[in-house]
Amino acid sequence: MQYNFNEIEAKWQKHWAENQTFKAENNSDKEKFYVLDMFPYPSGAGLHVGHPLGYIASDIYARYKRHKGFNVLHPQGYDSFGLPAEQYAIQTGQHPAITTAENIKTYRRQLDQIGFSFDWSREVRTSDPKYYKWTQWIFIQLFNSWYNIDSDKAEEIEALISKFSSDGNANVKAVCDDDILKFSAADWNAFSSKEKQAILLKYRLTFLAETEVNWCPALGTVLANDEIINGVSERGSHAVVRKKMTQWSMRITAYAQRLLDGLQTIDWPQPLKDSQTNWIGRSQGASVTFYTVTASTGENKHAIEVFTTRPDTIFGVSFMTLAPEHELVAKITTPEQKEEVEAYIEATAKRSERERMADVKTISGAFTGAYAEHPFSKKPIPIWIGDYVLAGYGTGAVMSVPCGDQRDWNFAKHFGITQAMPAIPNIFEGVDISEEAFADKEKTIIANSDFLNGLPYKKAVKTAIYELEKLQQGKGKINYRLRDAVFSRQRYWGEPFPVYYVDGMPQMIAPEHLPIKLPEVEKYLPTETGEPPLGNAKVWAWCTEKNEVVPNSEINHTCTFPLELNTMPGWAGSSQYFNRYMDPENSDEIFSKEAINYWQDVDLYIGGSEHATGHLLYSRFWQKFMFDRGFVPKDEFAKKLINQGMITGTSAFVYREEGSGRVISKGLTAGKKVVPIHADVSLVNSSDELDIEGFKNWQSDYKNAEFVLEDGKYIVGREVEKMSKSKYNVVNPDTIVADYGADSLRLYEMFLGPLEQSKPWNTAGISGVHGFLKKLWKLYFDDEGSKVTDAASSAENLKTLHKTIKKVEEDIANFSFNTSVSTFMICVNELTAQKCTSRLVLEPLAILVSPYAPHIAEELWNKLGYSQSISTVPFPTFEPKYLVESSKEYPISFNGKMKFTVKLSLDLSKEDIEAAVMAHEKTKQQLQGREPKKVIVVPGKIVNIVG
RNA sequence: GCUCGAGUGGUGGAAUUGGUAGACACGUUGGACUUAAAAUCCAAUGGACAUUAGUCCGUAUGGGUUCAAGUCCCAUCUCGAGUACCA
C-alpha cells in the first residue's frame, strides 16, 4: 500500500468539514483554551509560503491541546477593510466588496488545503456589516465615556454630566483637552445644549480635534505615523505633507501608564514589550514655567511652559528654544527680528519630513529678540526658535542647557558668534565641557547653581522641584511620547461612523439602529472639493424620525442631517475581533456574557512583530476600555504571544552588461559593469542554473539577448530578500501541496528552523520531510497491507516511543517545533531499524504525529481500526520507567578534551567511577606515567582528568 | 545614534541548568537494485596531517573566569529588526 497523500488529504479535509470536527462549543466541562492567529488581509496575490508559518504553529498547538483534553477555540477570519482593495476600485471601478469576496475565496481554498483545524463556523470579516455593527457600537461606547483620574478608569459620561450639574468641573479630575475653563454648577446649568456638547466633547474618550496630520495627497488620506516609512507612505511611497484637519481622535494617552504597567502581567516577547515601552515613552521630570521679560514698553508677560527631565540643571539654562510652529513665536518676536524669524519659519515649513530626516546634522534656528526671565537668578535668557524642537512633543518648547545636552550644546556653539547667544555656563563639578556636553547625570555633582551646589543628581532634582513649586513656577511631571490616536480616514473602504451632525455638533446614532452600512458611490476618490469619498454618496443623510439613512436631498437640518464622511482606520476592526470570535453570530450583543465569561481571553496569540506598536497597542487600549466599562472580565486580551519570524525569499538575478546588453553568467561578471535583474525563481533549478528559454519567453525584452555562459550553463546570483511579487521570488504553497502534500508542507515549514527566527525559503530540503512521511507510512504498511500486529512491544521499542513523547511535549511547551520534527525522524528511523510492528507502539506514535501531520495521522488511525477522528484521542503519557538506564557511556576528558568513552554502571559512586577510569588501559596510555593533579567526576555526566 | 536580537560545516539548523560541538535533514561522493531513469536501500561526509592506530585545529574576532565555555564576563567587528533630533 502506497502513501497516497493527495487522496488521503482530500478525504480527511472533507471529513473534517462535513463533521465539523473542530467546532468549539461555548459551554463544556472541559477546560477552555483559546489559540488565535492574526487574521490575514485578503490580498489579491493570495497566500505565499510565508503566511502559513504562524498558522501551522498555532494549529499544532491547538491540535495538541485538543489531545490534552481542552475545549479549544481556534478561529480564523479576515481583516477585509483596507487600502489595496480601494485602490483597485479606483483603478477599475470594481466595488471593493467584490474584489474582497474573490480574494477571500482564494484564501479560503488555500487555507483549507493545508488542513488547519479552524472552527470556520466562527469566521468574521471586518468588512461585513454584521461584524462592523459592533465596531460602530464600540465607537459609541467610547464616545459615551470619559476617563476619571481619581478612579483611574473610564466611566460613563452620564456620571460626569451629573457631577457638572451638581458641582461644576472644579473637582473633576479627568484626562481631557487642556483648554477647558472652570465652571460652576450654575454655569453648567445655564449653558445651552450646544455649549454643553462642546464641553463634553473635550472629555469624551473619542472626540473631535483639530490635529496636525500626515496628509498624503496622492492617496487622498491621512496616514498614521506608523504607516509612513522614510517620510513617504508605506503603500505606494507617495509624498506626505503636514496639514491641520478636524479628525476623530482616541484618547489612548489616558491609558499610557496602564498600558505600560500591563506589560508586566503578560507573557509577550521582550523585544515587543520594549518597543511598546519605547513607543509610549514615559519620561519623568518637571514642567517649568518661564515668563518673558519685556523691555520698556511693559507689554503683557507671556508664560512659556517647558518640560525637562533635568530640573537639576536649571541654573545651566542659557537660552530657550521654541519649535518654529509654537504659538507664542509671533507674539514675542521683536520688530527687529521679525524678518529673520519669519524667513526661518517659512524655510522650515517647506522642508519635507523626508528632507528633515535625511539631514539631521544641519543646525538651524533664529533669535526672536525676546527674553525670558530665569525663575531663580532673574537674569534674562534669550529665546530662540529651532526645528530641533518638535511642536508635537512635550510643550514644543525647551529650556536649553548646553553644558548638559548635546543638541543644546551644538546649537549654542553654532550660534555662539551672535550677541544674543551667551557663553556656555558650566554647572558640573570637575567636568570639561569645552568639547562636548556632559549628559551623564550620575557621575558628577552640581556646581555654580546657588542652592543646588554640591548636590548629586537625584537630590538636586528634588530640591529644584521643591523650590520651583514654592515659586509656583513648576512641578514634577511625567510626560509621555504617546499621542492620541487619530481615528478618521478619508477613505471609502472602511467602517462608516455612526455619526451625524446637528448644528456642527456630532451626534451618535442609537445602537439599535446599527449597522450604518457603507453607501454606494460612483467614484472611490475624494470629491473635487476635497471631501472624503463618502462625499460622493447620494444617499447619506440620517433621518431622526425614520431612524434610517435617507437621500441627501432630504437634509433639512430639523429632522434630517448629514452623516459623517470619514471612515474608521484599519485598526478599528482588528481591536476587538478576538472577543467577537467568542460569539460571532450574536446580533443582540457584541458577545454574550456567557461566552465572554467562558472564554475570558486569548491563551496563545501568534503573529508578526510588525504589529507591535499598531494593532497590538490599540487592541490593548480597547481591551482596557472594555474592561473599565465592565464588558470583558480581563484587562489584557492575550496572556501569551509568540512572534513568528518572516520567511524570506531567495531572489535570483541575471546580469545585463551595460552598453553591450549581453546577459552574463554570474561567475563571469567580475570587473564588468553589470545591472542585476530579478529573474523569476521558478525558472531556476536548485543548482542556480537558469532556464534560458523560459526566461526569454517570460521577459520578451530579452528574446534576442546574447547569454554568456560558463561551462555551458547560465548561473544566476542569489540574494535573500523579503518575499514579494515585485521581486519574483514568491513561492506559492499550492504547488508544494500538489507535489508533496499538505503534511509535508506543514512539517517542512516547522523543520526550517526556530519559529521566531526569520529564515529564507528554499524548497530543496522538502524531500527530507516527505521521505520521513513515507518511512512513517511504511512502519504501518507494506505492499500486502497492514503490518501492525498485536505482538508485545520490546523494551527497545518502548524506550524509543517514550523518549519521543518526552521530547515532543517539551518542544511544544517551548514552541520548538523544528526539533520535534527531528525527533519524529529519529523515532521512525529507530523503529524501522527495530522492525517494530507492535500496535502498542504504533498507535501512540500516530497520535504524537497528529498535531503536525494530521492527515496521515487520521488515515493511520482509521486503518488501525478506529472510526472516530484521531483529533481528540488522549495524548500518550510519558512514563519515565522506560527510559531508566543502568549504565552510561562516560566521556573521559583530559584537561577538558574528550578522548574516549567508558561504559560504566550508573550505580557507581564517585570514588568507584574514579577508580574504574583510572584503572582503564586508555587512561594509562593518555597519562603516559604522569600523575594527575585532580580528577573531576560528575556522576551521570563526565569525568575530567587534570594534569 | 539609541533599543532589541543574532553570528556554529557546502546549506537549513541541533546542543534544555557550563559537561562527548555539528543531532536531524538537504547537498555532495561512492555503492546496491534497474536495459536505463525515477523511487528505494547501504556507506562516507567540519578542516589539516596520518596507509592503520591516531594527532592537531575548529562555534565572528581578541581577552578573561573555570577542572571544563558555542553557552558566563569584558572589549571589538559584522548582519538583521525596531525607532528617529523625545528636551
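Note on naming: letters A, B, ... go to the chains in the order of the sequence lines (proteins, then strands), and numbering restarts at 1 for each one.
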>> I want to check something: taking the side chain as every heavy atom from C-beta on, are Y344(A) and T368(A) in contact at a cut-off of under 4.5 Å?
In response: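 When only atoms from C-beta onward are counted, T368(A) and Y344(A) do not touch, as no gap falls below 4.5 Å.
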Interatomic distance, [X] [atom1] vs [N] [atom2] [rounded to whole Å]:
X: I766(A); N: A25(B); atom1: CD1; atom2: P; value: 16 Å
X: N829(A); N: C26(B); atom1: CG; atom2: P; value: 10 Å
X: H770(A); N: A39(B); atom1: NE2; atom2: P; value: 10 Å

>> Both E610(A) and D274(A) contact RNA chain B. Which one's nearest nucleotide lies toward the 5' end?
In response: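 By nearest-heavy-atom nucleotide position, the 5'-most residue is D274(A).
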>> Judged by each residue's nearest nucleotide on RNA chain B, which is more toward the 5′ side, S767(A) or N278(A)?
In response: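 Upstream on the strand: N278(A).
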> Looking only at side-chain N and O atoms, does K759(A) come under 4.0 Å of OP1 or OP2 in G12(B)?
Replying inline: no
> Any side-chain N or O of N818(A) under 4.0 Å from OP1/OP2 of A14(B)?
Replying inline: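 Yes, such a contact exists.
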> Can you list, by residue number, the residues of residues 303-313 of chain A that have a non-hydrogen atom closer than 4.0 angstrom to RNA chain B?
Replying inline: F307(A), T308(A), T309(A)
For nucleotides [N] and [M], find the distance between their [atom1] atoms and express it as a whole number of Å.
N: G12(B); M: A6(B); atom1: C1'; answer: 16 Å
N: A68(B); M: A23(B); atom1: P; answer: 26 Å
N: U66(B); M: C79(B); atom1: C1'; answer: 31 Å
N: A32(B); M: A48(B); atom1: C1'; answer: 33 Å
N: U71(B); M: U20(B); atom1: P; answer: 14 Å
N: C49(B); M: G10(B); atom1: P; answer: 15 Å
N: G80(B); M: U8(B); atom1: P; answer: 14 Å
N: G18(B); M: G64(B); atom1: C1'; answer: 15 Å

With both distances kept under 3.5 Å, what pairs with [N], Watson-Crick or G-U wobble?
N: A69(B); value: none
N: G18(B); value: none
N: U40(B); value: A32(B)
N: G27(B); value: U45(B)
N: U59(B); value: none
N: C85(B); value: none
N: C77(B); value: G7(B)

Can you identify which nucleotide, out of [options], has its nearest atom closest to the [X] side chain?
X: S822(A); options: C24(B), A21(B), A14(B); result: C24(B)
X: L752(A); options: G12(B), A39(B), G5(B); result: G12(B)
X: K941(A); options: G19(B), C86(B), C26(B); result: G19(B)
X: V398(A); options: C86(B), A15(B), A87(B); result: A87(B)
X: V389(A); options: G12(B), C26(B), A87(B); result: A87(B)
X: P271(A); options: U40(B), A14(B), G5(B); result: G5(B)
X: S275(A); options: A14(B), G19(B), G82(B); result: G82(B)

>> To check you understand the geometry: which heavy-atom pair defines the closest contact between I252(A) and A485(A), and what is its length?
In response: CG2-N, 3.9 Å
Going by the angle between their ring planes, with limits at 30° and 60°, are [X] and [Y] parallel, tilted or perpendicular?
X: F319(A); Y: W384(A); answer: perpendicular
X: W777(A); Y: F781(A); answer: tilted
X: H770(A); Y: F5(A); answer: perpendicular

> Who are the side chain to side chain contact (heavy atoms under 4.5 Å, CB included) partners of R407(A), not counting sequence neighbours?
Replying inline: Y388(A), D405(A)
> Which residues satisfy the side chain to side chain contact (heavy atoms under 4.5 Å, CB included) test with Q257(A), sequence neighbours excluded?
Replying inline: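 With sequence neighbours excluded, Q257(A) shows a side chain to side chain contact (heavy atoms under 4.5 Å, CB included) to L260(A), D261(A), R282(A), Y480(A), given in chain and number order.
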> Less than 4.0 Å between a side-chain N and a carboxylate O, is that true for E914(A) and K910(A)?
Replying inline: no
> Are a donor atom and an acceptor atom from the side chains of N479(A) and S283(A) found within less than 3.5 Å of each other?
Replying inline: no
